[in-house]
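Worksheet: one structure, shown below.
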Amino acid sequence: MAGLVVLVALTGCKENYSNGEKVGTLIEFASKGVIWDSWEGRLNMTQTGMNTGGEPFQFSFDNDRNDQDSLVKLLYQAQIDGWKVKIKYHAVWGFKNFFKNRGETDYFVDDVTVLDRDFANVMRHLNDGNRNGRVVDTVWVVIDKSQIKK
């Protein structure tokens with residue numbers, strides 16, 4: 001019976017439990033850990049430039065991979081400069097990260113794409129003499145006349 005439980009637990013582990021992409025700006029990115037050091041981050045997710053509600057997306061770089069130095073450098077620079085990025089990730093399930101030796105979370109970065117290098121600098125066109133501007137975001141306001149106090 002115990003062997004069956006162990007067999008089910010080990011075969012129930014999955015490396016690619018889910019795959020996805022998240023878009024936003026980094027609010028934390030650091031190397032940390034007590035026993036195993038890993039790169040950990042939190043992404044403030046955005047939609048068309050506006051922050052979404054809810055908790056930030058927490059992710060890790062997989063310690064079992066040694067080919068991600070360029071992605072770590074890119075995300076580190078994105079945090080410093082406030083770039084908007086898209087993170088492709090996969091999540092593991094079961095005992096694939098039981099001891100947290102691969103990273104603190106079960107969401108591991110596969111790829112990073114910079115979407116906007118000037119995302120945090122909305123006033124950049126005023127400084128270079130170009131006063132035409134550009135659309136950064138669109139906000140729709142709906143006024144319900146029945147809610148207006150007279």
Side-chain angles (χ1 to χ4, degrees), residues 2-128 132-144:
L4 179 63
V5 171
V6 170
L7 180 65
V8 169
L10 291 176
T11 57
C13 300
K14 193 166 182 186
E15 179 62 33
N16 284 312
Y17 172 69
S18 70
N19 296 290
E21 298 176 344
K22 301 283 185 182
V23 174
T25 56
L26 290 168
I27 55 176
E28 179 183 354
F29 187 63
S31 176
K32 57 183 173 179
V34 176
I35 297 174
W36 295 284
D37 290 342
S38 61
W39 283 96
E40 307 293 330
R42 293 188 321 147
L43 186 74
N44 192 15
M45 294 177 290
T46 60
Q47 289 181 323
T48 66
M50 298 183 72
N51 293 339
T52 59
E55 293 292 316
F57 174 66
Q58 297 184 8
F59 61 89
S60 302
F61 274 87
D62 194 345
N63 281 340
D64 286 354
R65 292 181 61 178
N66 57 6
D67 62 342
Q68 295 186 313
D69 291 342
S70 63
L71 296 179
V72 169
K73 288 178 184 176
L74 182 62
L75 273 185
Y76 186 76
Q77 192 65 42
Q79 179 190 23
I80 291 171
D81 292 335
W83 296 343
K84 184 177 182 180
V85 295
K86 175 173 66 173
I87 295 177
K88 285 181 87 173
Y89 68 91
H90 75 276
V92 298
W93 184 79
F95 292 105
K96 288 291 187 176
N97 193 26
F98 182 74
F99 296 109
K100 302 297 181 192
N101 58 313
R102 293 173 67 179
E104 289 184 10
T105 73
D106 289 335
Y107 297 93
F108 296 109
V109 174
D110 292 322
D111 194 22
V112 176
T113 305
V114 175
L115 298 178
D116 191 350
R117 292 184 190 272
D118 290 327
F119 180 69
N121 187 8
V122 295
M123 302 300 286
R124 67 190 167 277
H125 293 293
L126 296 178
N127 294 334
D128 64 6
N132 295 331
R134 72 178 178 114
V135 175
V136 175
D137 200 1
T138 303
V139 177
W140 297 94
V141 178
V142 177
I143 300 173
D144 184 356

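Remember, predicted model here, so these are calculated numbers, not experimental data.
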Taking the side chain as everything from C-beta on, heavy atoms only, tell me whether Phe99 gets closer than 4.5 Å to Ile35.
no
Using side-chain heavy atoms (C-beta onward) and a distance below 4.5 Å, is Val85 in contact with Val23?
no
Search all heavy atoms of Ile87 against all heavy atoms of Val109 and return the closest pair with its distance.
CG2-CG2, 3.9 Å
Taking the six-membered ring for Trp, are Tyr107 and Tyr89 ring centroids under 6.0 Å apart?
yes
Partners passing salt bridge (Lys or Arg N to Asp or Glu O under 4.0 Å) against Asp69 (at least two apart in sequence or in another chain):
none
Among all residues two or more places apart in sequence or in another chain, which pass the side chain to side chain contact (heavy atoms under 4.5 Å, CB included) test with Asn66?
none
Can you tell if the side chain of Leu26 reaches within under 4.5 Å of the side chain of Asn44, non-hydrogen atoms only?
no
Under a 3.5 Å threshold, yes or no: a donor from one side chain and an acceptor from the other, between Ser60 and Glu40?
yes
Calculate, to the nearest 0.5 Å, the distance between atoms CG and CD1 belonging to Leu75 and Ile80 respectively.
11.5 Å
Can you check whether Phe29 reaches Trp39 side chain to side chain, under 4.5 Å on heavy atoms?
yes
Sequence-distant partners of Gln79, side-chain hydrogen bond (donor to acceptor under 3.5 Å, both in side chains), two or more places apart
none
Leu43 side chain reached by Thr25 side chain, heavy atoms, under 4.5 Å
no
Quick one: sort the Phe59 and Phe57 rings into parallel, tilted or perpendicular, breaks at 30° and 60°.
parallel
Quick one: which of Asn97, Asn63, Asp64 gives a side-chain contact (heavy atoms from CB on, under 4.5 Å) with Phe108?
Asn97
Under the salt bridge (Lys or Arg N to Asp or Glu O under 4.0 Å) test, which residues partner Lys32, sequence neighbours left out?
Glu28
Could you check whether any side-chain heavy atom of Arg102 comes within less than 4.5 Å of a side-chain heavy atom of Lys96, counting everything from C-beta outward?
yes
How long is the straight-line distance from CE of Met45 back to NZ of Lys22, given to the nearest 0.5 Å?
5.0 Å
Could I get the full list of side chain to side chain contact (heavy atoms under 4.5 Å, CB included) partners for Lys73, not counting sequence neighbours?
none
Do side-chain atoms of Asp81 reach the backbone of Trp83 as a donor and acceptor pair under 3.5 angstrom?
no
Out of Arg65, Lys88, Lys86, which one pairs with Asp110 under the salt bridge (charged side-chain N to carboxylate O under 4.0 Å, His left out) rule?
Arg65
Under a 4.5 Å cut-off applied to non-hydrogen side-chain atoms, are Ser70 and Gln68 in contact?
no
Return the minimal non-hydrogen interatomic distance between Asp116 and Asp118, and the atom names on each side.
OD1-N, 2.9 Å
Which residues satisfy the ring pair (Phe, Tyr, Trp, His ring centres under 6.0 Å) test with Tyr76, sequence neighbours excluded?
none
For a quick test of reading the model, state the closest non-hydrogen atom pair linking Gly103 to Ser38 and the distance between them.
CA-OG, 3.7 Å
